[in-house]
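See structure below.
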Amino acid sequence: QVQLVESGGGLVQPGGSLRLSCVASGSIFIFFDMGWYRQAPGKQRELVAVFTRGGSTNYADSVKGRFTISLDNAKNTVYLQMNSLKPEDAAVYYCHALSKIHSGLEYWGQGTQVTVSS
């Protein structure tokens, strides 16, 4: 199976920045669409950002202009740069891979906690 390992979460003050990383177990980006999701306590998991199979990016309205998703194929890593963080951004952030070849085949990382508080 594909393994996804997130890192980079932590505690930041409002207005601060974090960069999340997700390292894949192999060179999968040619075969998988990559994305970041988040889930806050008591809320449903929501899409934050995706890097589509066509090479374009999409973002939730709540993070547009503040978050940036990017890939580094050489390092098998997907990043989420988060700037101007708000308390409502606090959540567990999950890396996600969706197969471009096998319908419904997907993988999730274990998540990394982001806390935004003064």
Side-chain angles (χ1 to χ4, degrees):
Q1 292 186 329
V2 172
Q3 293 181 323
L4 305 173
V5 181
E6 304 100 328
S7 63
L11 173 64
V12 296
Q13 297 184 22
S17 297
L18 284 174
R19 189 179 74 161
L20 306 183
S21 299
C22 172
V23 181
S25 58
S27 301
I28 69 169
F29 299 147
I30 191 172
F31 304 114
F32 288 80
D33 290 332
M34 303 301 300
W36 286 95
Y37 290 74
R38 68 186 182 188
Q39 187 167 23
K43 296 183 178 180
Q44 290 186 297
R45 184 177 59 194
E46 65 172 336
L47 175 68
V48 176
V50 293
F51 196 104
T52 69
R53 64 178 64 191
S56 62
T57 58
N58 290 297
Y59 300 91
D61 289 340
S62 60
V63 307
K64 286 182 179 178
R66 300 188 297 119
F67 290 12
T68 303
I69 187 172
S70 61
L71 301 179
D72 187 331
N73 289 318
K75 296 182 178 180
N76 300 320
T77 302
V78 58
Y79 301 96
L80 184 67
Q81 178 66 46
M82 305 185 296
N83 298 325
S84 302
L85 283 161
K86 304 175 180 179
E88 52 263 42
D89 294 319
V92 177
Y93 283 71
Y94 297 93
C95 184
H96 177 250
L98 179 65
S99 177
K100 301 177 181 180
I101 302 174
H102 300 99
S103 180
L105 179 63
E106 60 184 343
Y107 297 94
W108 293 93
Q110 295 300 304
T112 184
Q113 177 71 54
V114 173
T115 302
V116 185
S117 179
S118 299

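Excluded from the calculations below are hydrogen atoms, water molecules and symmetry mates; all remaining heavy atoms, backbone and side chain alike, are included. Quick note: residue numbers are just sequence positions, from 1.
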Inset, instruction - Determine, step by step, whether Trp108 and Glu6 satisfy the side-chain contact (heavy atoms from CB on, under 4.5 Å) criterion, reporting the C-alpha distance in whole Å, the side-chain angles of both residues, the deciding distance to 0.1 Å, and the verdict. - result: CA-CA 10 Å; Trp108 293 93; Glu6 304 100 328; over 6 Å; no
Nearest non-hydrogen partners of [X] and [Y], listed with the distance:
{"X": "Phe32", "Y": "Ser99", "result": "CD2-N, 3.3 Å"}
{"X": "Ser17", "Y": "Gln81", "result": "CB-NE2, 4.1 Å"}
{"X": "Arg38", "Y": "Asp89", "result": "NH1-OD1, 2.9 Å"}
{"X": "Ile28", "Y": "Ala24", "result": "CD1-CB, 3.7 Å"}

Would you give the length of the straight line joining atom [atom1] of [X] to atom [atom2] of [Y], rounded to the nearest 0.5 angstrom?
{"X": "Leu18", "Y": "Leu80", "atom1": "CG", "atom2": "CG", "result": "9.5 Å"}
{"X": "Ser25", "Y": "Gln1", "atom1": "OG", "atom2": "CD", "result": "9.5 Å"}
{"X": "Asp33", "Y": "Ser56", "atom1": "CG", "atom2": "OG", "result": "9.0 Å"}
{"X": "His96", "Y": "Tyr37", "atom1": "NE2", "atom2": "OH", "result": "5.0 Å"}

Are [X] and [Y] joined in one hydrophobic group, where the rule is that I, L, V, M, F, W and Y side chains link up if heavy atoms are under 4.5 Å apart?
{"X": "Leu71", "Y": "Tyr107", "result": "yes"}
{"X": "Leu98", "Y": "Tyr93", "result": "no"}
{"X": "Met34", "Y": "Val5", "result": "no"}
{"X": "Val50", "Y": "Val48", "result": "no"}
{"X": "Leu20", "Y": "Val2", "result": "yes"}

Inset, instruction - Write out all pairs satisfying ring-ring contact (aromatic ring centres under 6.0 Å, His included) with one or both partners inside residues 43-92, taking only residues at least two apart or from two chains. - result: none
Can you give the donor-acceptor pairs under 3.5 Å from side chains of residues 110-118 to other protein atoms, not counting sequence neighbours?
unit_1: Thr112; atom_1: OG1; unit_2: Gly9; atom_2: N; d: 3.1
unit_1: Gln113; atom_1: NE2; unit_2: Ala91; atom_2: O; d: 3.4

Do other residues, nucleotides or ligands put more than 12 heavy atoms under 6.0 Å from the [atom1] atom of [X]?
{"X": "Gln39", "atom1": "CD", "value": "yes"}
{"X": "Gln44", "atom1": "CD", "value": "no"}
{"X": "Ile30", "atom1": "CD1", "value": "no"}

Legend entry - Side-chain donor/acceptor of Thr77 to backbone N/O of Lys75, under 3.5 Å: yes
Inset, instruction - Please identify each residue that fulfils salt bridge (Lys or Arg N to Asp or Glu O under 4.0 Å) with Lys43, with sequence neighbours left out. - result: none
Inset, instruction - Could you go through the side-chain contact (heavy atoms from CB on, under 4.5 Å) check for Val78 and Cys95 one step at a time? - result: CA-CA 8 Å; Val78 58; Cys95 184; 3.6 Å; yes
Inset, instruction - Check whether any side-chain heavy atom of Trp36 lies under 4.5 Å from a side-chain heavy atom of Met82, and answer yes or no. - result: no
